[in-house]
Visitor: 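Structure below; questions to follow.
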Number of protein chains: 2
Amino acid sequence: MIAANPGEAEFLRRYDASWYEKPSFTVDLVIFTVRDEHLHVLLVKRAEHPFKGCWALPGGFLDPRRDASVDACAARKLVEEAGVRAPYLEQLKTYGSRDRDPRGWTATTVYFALMASASVRLRGNQAEACWVGVRGDRVDFDLGFDHARILADAVERLRSKLEYTHIAVHLLPEEFTLPELQRTYEIILQQPLDKSSFRRRVVQADMLEELTGKQRDGFGRPAQLYRFRDYDRQTFFPRSISRHAR
Amino acid sequence: MIAANPGEAEFLRRYDASWYEKPSFTVDLVIFTVRDEHLHVLLVKRAEHPFKGCWALPGGFLDPRRDASVDACAARKLVEEAGVRAPYLEQLKTYGSRDRDPRGWTATTVYFALMASASVRLRGNQAEACWVGVRGDRVDFDLGFDHARILADAVERLRSKLEYTHIAVHLLPEEFTLPELQRTYEIILQQPLDKSSFRRRVVQADMLEELTGKQRDGFGRPAQLYRFRDYDRQTFFPRSISRHAR
DNA sequence: GAAATAGTGTCTATCAGACATTATGGC
DNA sequence: GCCATAATGTCTGATAGACACTATTTC
């Protein structure tokens, strides 16, 4: 990144970034969890204008002094809004236009995060925050800005990635059973999956580690507990789950 | 987008976006084409500091006065740099950090574009531009900023999308033969594909329209010409091309 | 033993890979 | 006819879906 280029040091000494008009830049988060048999998204009630009193995705201005990078800004806001360290966090897309925010030209880079519902502690920060059930690809009330569109894109990405990756494990606690994992997939994909096929897929991908303890549910045979083998590596299924199963 | 919210009009009247410190915001392009049996990317030689004289991806500052949106900005730069109207253009990712540009905090939203090599006319704009062959996921010389990393990400995304979508048609002229399309896939995926399987895939996807004319090559039986049926709809193959074929 | 849930075995349809075969042009 | 390339046909192996069956717990 250091360029030994004649004249560049001089150029940089004189350079002033405020010469140019810039858009405002924000980072927003679509934080998903599964609880009560439904996909939920974390929303905040806006305390300030614009859209004061409306529900919106958590997020806000990037602070060039505090945030070393856009990723770091997203991680910071994740902690501030959801009090969580490092669950699954992935950049979704950047939305920017002259009219998406009444304050003027803004761009927002949106991240989507997955977490186990138990691992969240909503800190009663400045803003009122709560989990809202997602029906189809939307929530039941109006969202500020273009956040309804962003949420729809995020839900689509989540569904799409569930078909060929393991990311749903990030929606469960560290130890979980295969029926729980399957149920998570079914809730998000909104379709029943075959038990046998599902298990084959997961076992063949060799991503799970069997734990010797067992979990007992209220009824029936207890289910084997598993743990995800490698939270860093993102692995892919060789074939996609058919959206037209059944 | 218009909020009938008490106090909001007053708030907006007083609001001044320059209260907050903002990062600079740019849009960069990774423009791919296939020519001479190789994947190529469009690079420009930087006329100004920083990285003056280095090769870099085309792009530059978003202009809030001229650009209605980030997408519009990308389209504008595509015309300016490559003189092309509307080929395939897709947002790749946003890169932003304190140290990726010596001028200070910048974020760049990167798009990747595909085009037929014949459709490009490089306008000798302010910058010197040329097509550079991609070897693996890089070019043969150093790129300014973090553009080597960005290029690698773009190549990976291109390869990945080729395995399950039709986007390679955007690298060919409007009329093309199946062997030409197959060759394009082979060049980018860097692996030979079976003719029969390839044709089955493409035909079953029902995306091509047979043209009655035929094209003759120097030798052998002439190949049937086809046209892509719907440039807007993005369709997907039911299964991915195996990366481990052969 | 009945109910409930976990987990396994097996059949089948589908489809990609492999490769042989036929088709159609130039020379 | 020969060569080169395009296009088709057929076999096979892998695997997802379907579903029957077994296993293990609580009551």
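Letters A, B, ... mirror the listed sequences (proteins, then strands); counts begin at 1.
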Visitor: For the residue pair A:Y111 / A:D28, report whether a side-chain donor-acceptor contact shorter than 3.5 Å exists.
Guide: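 There is no such pair (donor and acceptor under 3.5 Å, judged by atom type) between the side chains of A:D28 and A:Y111.
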
Visitor: Residues two or more places apart in sequence or in another chain: which of them pass salt bridge (Lys or Arg N to Asp or Glu O under 4.0 Å) with A:K93?
Guide: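 In terms of salt bridge (Lys or Arg N to Asp or Glu O under 4.0 Å), with neighbours along the sequence ignored, A:K93 is linked to no residue.
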
Visitor: Using whole Å, report how far CG of B:D194 lies from P of D:dT8.
Guide: 14 Å

Visitor: Can you check nucleotides 13-15 of chain C for protein contacts, nitrogen or oxygen pairs under 3.5 Å, and list what you find?
Guide:
{"from": "C:dC15", "atom 1": "O4'", "to": "B:R239", "atom 2": "NH2", "distance (Å)": "2.8"}

Visitor: Mind checking B:S196 for me? I need base, sugar-phosphate or nothing, with any heavy atom below 4.0 Å counting as a touch.
Guide: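 Base contact - B:S196 has a heavy atom under 4.0 Å of at least one base atom.
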
Visitor: Suppose we screen for salt bridge (Lys or Arg N to Asp or Glu O under 4.0 Å). Which residues come up paired with A:D36, at least two apart in sequence or across chains?
Guide: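 If we apply the salt bridge (Lys or Arg N to Asp or Glu O under 4.0 Å) test to A:D36, skipping adjacent residues, there are no hits.
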
Visitor: To the nearest angstrom, how far is A:Q182 atom CD from C:dT5 atom P?
Guide: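 Those two atoms, CD and P, are 13 Å apart.
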
Visitor: Output, in order, the C-alpha distance, side-chain angles, deciding distance and verdict of ring-ring contact (aromatic ring centres under 6.0 Å, His included) for A:F176 and A:Y226.
Guide: CA-CA 5 Å; A:F176 55 88; A:Y226 291 87; 7.3 Å; no

Visitor: Just to verify, what does B:S97 make a side-chain hydrogen bond (donor to acceptor under 3.5 Å, both in side chains) with, not counting sequence neighbours?
Guide: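 Partners of B:S97 by the side-chain hydrogen bond (donor to acceptor under 3.5 Å, both in side chains) criterion, ordered by chain and then number, come out as B:D99.
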
Visitor: Please produce a list of atom pairs where a protein N or O lies less than 3.5 Å from an N or O of nucleotides 23-27 of chain C.
Guide:
{"from": "C:dA23", "atom 1": "N3", "to": "B:R221", "atom 2": "NH1", "distance (Å)": "3.1"}
{"from": "C:dT24", "atom 1": "O4'", "to": "B:R221", "atom 2": "NE", "distance (Å)": "3.4"}

Visitor: Just compare D:dG9, D:dA6, C:dG7 and give me whichever is closest to any side-chain atom of A:Q224.
Guide: C:dG7

Visitor: Separation of A:Q191 atom CD from D:dA16 atom C1', in whole Å?
Guide: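 Going from A:Q191 (CD) to D:dA16 (C1'), I get 13 Å.
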
Visitor: Taking for each residue the nucleotide of DNA chain C bearing the nearest heavy atom, is the 5' side occupied by B:R201 or by A:A223?
Guide: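 So the residue in question is A:A223.
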
Visitor: Taking only residues two or more places apart in sequence, or in another chain, which ones meet A:A148 in a side-chain contact (heavy atoms from CB on, under 4.5 Å)?
Guide: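 A:A148 satisfies side-chain contact (heavy atoms from CB on, under 4.5 Å) with no residue once adjacent residues are dropped.
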
Visitor: Given atom CZ of A:R183 and atom P of C:dA6, what is their separation to the nearest angstrom?
Guide: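 Distance check: A:R183 CZ to C:dA6 P gives 11 Å.
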
Visitor: What is the distance from CG of B:L193 to P of C:dA18, rounded to the nearest Å?
Guide: 10 Å

Visitor: Nearest-Å distance, CZ (A:F176) to C1' (C:dA6)?
Guide: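 That distance rounds to 16 Å.
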
Visitor: What integer distance in Å separates A:F198:CZ from C:dT5:C1'?
Guide: 16 Å

Visitor: With sequence neighbours left out, write down each residue that passes side-chain contact (heavy atoms from CB on, under 4.5 Å) with B:R76, or none if nothing qualifies.
Guide: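 B:R76 satisfies side-chain contact (heavy atoms from CB on, under 4.5 Å) with B:D63, B:R66, B:D67, B:C73, B:E80 only.
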
Visitor: Applying side-chain contact (heavy atoms from CB on, under 4.5 Å), name anything that partners A:R35, two or more places apart in sequence or on another chain.
Guide: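 So A:R35 forms a side-chain contact (heavy atoms from CB on, under 4.5 Å) with A:T33, A:H40, A:S117, A:W131.
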
Visitor: Using atom OH of A:Y185 as one end and atom P of D:dG17 as the other, report the distance to the nearest whole Å.
Guide: 13 Å

Visitor: Just to verify, what does B:Q224 make a side-chain hydrogen bond (donor to acceptor under 3.5 Å, both in side chains) with, not counting sequence neighbours?
Guide: none

